[in-house]
**Student:** 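Let me begin by handing over the structure; questions about it come next.
Reckoned from all heavy atoms, side chains included, excluding hydrogens, waters and symmetry mates. Here the structure is a predicted model, which means the values were calculated and not measured.
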Amino acid sequence: MNAIFAGLSLSSSIRRIGNGGRNGDIISVAVALIVIVYALIHMAMFPGDFGTGDRRSAAVISIVTGIISIVLTGITLIRSRRAG
């Protein structure tokens, strides 16, 4: 979900969250980092293999979408610095 919001902020040309949209971008990165850390903790706590019901595949998907979110938010921040 966070990657979707980061993509929307990347495609949006109008920033409505104060500070030119940077506050929203910073929140997006913070949430993505929290998701990644939580997924890594989950993978460490449940050492079962894929397909055992430990939801390791969901943790991997969470890590990937968190990284995508951080990359998209970084691109948004770079564009906002160039524009303003």
Side-chain angles (χ1 to χ4, degrees):
M1 193 67 156
N2 195 24
I4 293 171
F5 290 134
L8 288 174
S9 73
L10 178 62
S11 65
S12 175
S13 61
I14 300 172
R15 306 273 184 244
R16 293 196 177 119
I17 302 173
N19 192 9
R22 290 186 185 176
N23 290 341
D25 294 337
I26 292 169
I27 291 171
S28 178
V29 169
V31 170
L33 289 174
I34 290 169
V35 167
I36 290 171
V37 168
Y38 181 75
L40 290 173
I41 290 172
H42 177 79
M43 289 182 70
M45 287 178 57
F46 298 102
D49 201 9
F50 292 103
T52 59
D54 286 338
R55 306 285 189 232
R56 289 179 69 85
S57 57
V60 170
I61 291 170
S62 296
I63 291 169
V64 170
T65 57
I67 291 171
I68 290 170
S69 175
I70 290 173
V71 168
L72 290 176
T73 304
I75 293 170
T76 304
L77 282 171
I78 290 171
R79 283 187 178 180
S80 69
R81 286 186 187 149
R82 287 183 186 165

**Student:** Would you compute the distance between atom CD1 of Ile61 and atom CD1 of Ile68 and round it to the nearest 0.5 angstrom?
**Tutor:**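 Taking CD1 in Ile61 and CD1 in Ile68, the distance rounds to 10.5 Å.
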
**Student:** Look at the side-chain heavy atoms of Ile, Leu, Val, Met, Phe, Trp and Tyr, link any pair under 4.5 Å apart, and say whether Leu40 and Val29 land in one connected group.
**Tutor:**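 Yes, it is one cluster - the side chains of Leu40 and Val29 are joined through contacts under 4.5 Å.
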
**Student:** In the single-linkage hydrophobic clustering (I, L, V, M, F, W, Y; side-chain heavy atoms under 4.5 Å), do Leu33 and Ile63 co-cluster?
**Tutor:**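 Same cluster: Leu33 reaches Ile63 through Ile, Leu, Val, Met, Phe, Trp or Tyr contacts under 4.5 Å.
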
**Student:** Any link between Val60 and Ile36 through a network of hydrophobic side chains (Ile, Leu, Val, Met, Phe, Trp, Tyr) touching at under 4.5 Å?
**Tutor:**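 Yes, because Val60 and Ile36 connect within a single hydrophobic cluster, where side-chain heavy atoms sit under 4.5 Å apart.
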
**Student:** Taking all non-hydrogen atoms of both residues into account, name the closest pair between Ala59 and Ala39 and its distance.
**Tutor:**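 Answer, listing the atom of Ala59 first, then Ala39: O-CB, 3.5 Å.
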
**Student:** Mind checking what makes ring pair (Phe, Tyr, Trp, His ring centres under 6.0 Å) contact with Phe46, not counting sequence neighbours?
**Tutor:**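 Once residues adjacent in sequence are excluded, the partners of Phe46 under the ring pair (Phe, Tyr, Trp, His ring centres under 6.0 Å) criterion are His42.
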
**Student:** Measure from the side-chain N and O atoms of Ser62 to the backbone N and O of Ala58, and report whether any donor-acceptor pair falls under 3.5 Å.
**Tutor:**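 Side chain of Ser62 to backbone of Ala58, a donor-acceptor pair under 3.5 Å: yes, one is there.
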
**Student:** Give the minimum heavy-atom separation between Gly66 and Ala32, together with the two atoms involved.
**Tutor:**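 Where Gly66 meets Ala32 most closely, the heavy atoms are O-CB, 3.7 Å.
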
**Student:** Taking Leu72 as the starting point, is it possible to reach Val64 by hopping between hydrophobic residues whose side chains are less than 4.5 Å apart?
**Tutor:**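 The answer is yes; both residues are in one hydrophobic cluster.
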
**Student:** Step through the shown structure and confirm whether more than 12 heavy atoms of other residues, nucleotides or ligands are within 6.0 Å of CZ on Arg55.
**Tutor:**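 No - once you tally the heavy atoms of other residues, nucleotides and ligands closer than 6.0 Å, there are 12 at most.
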
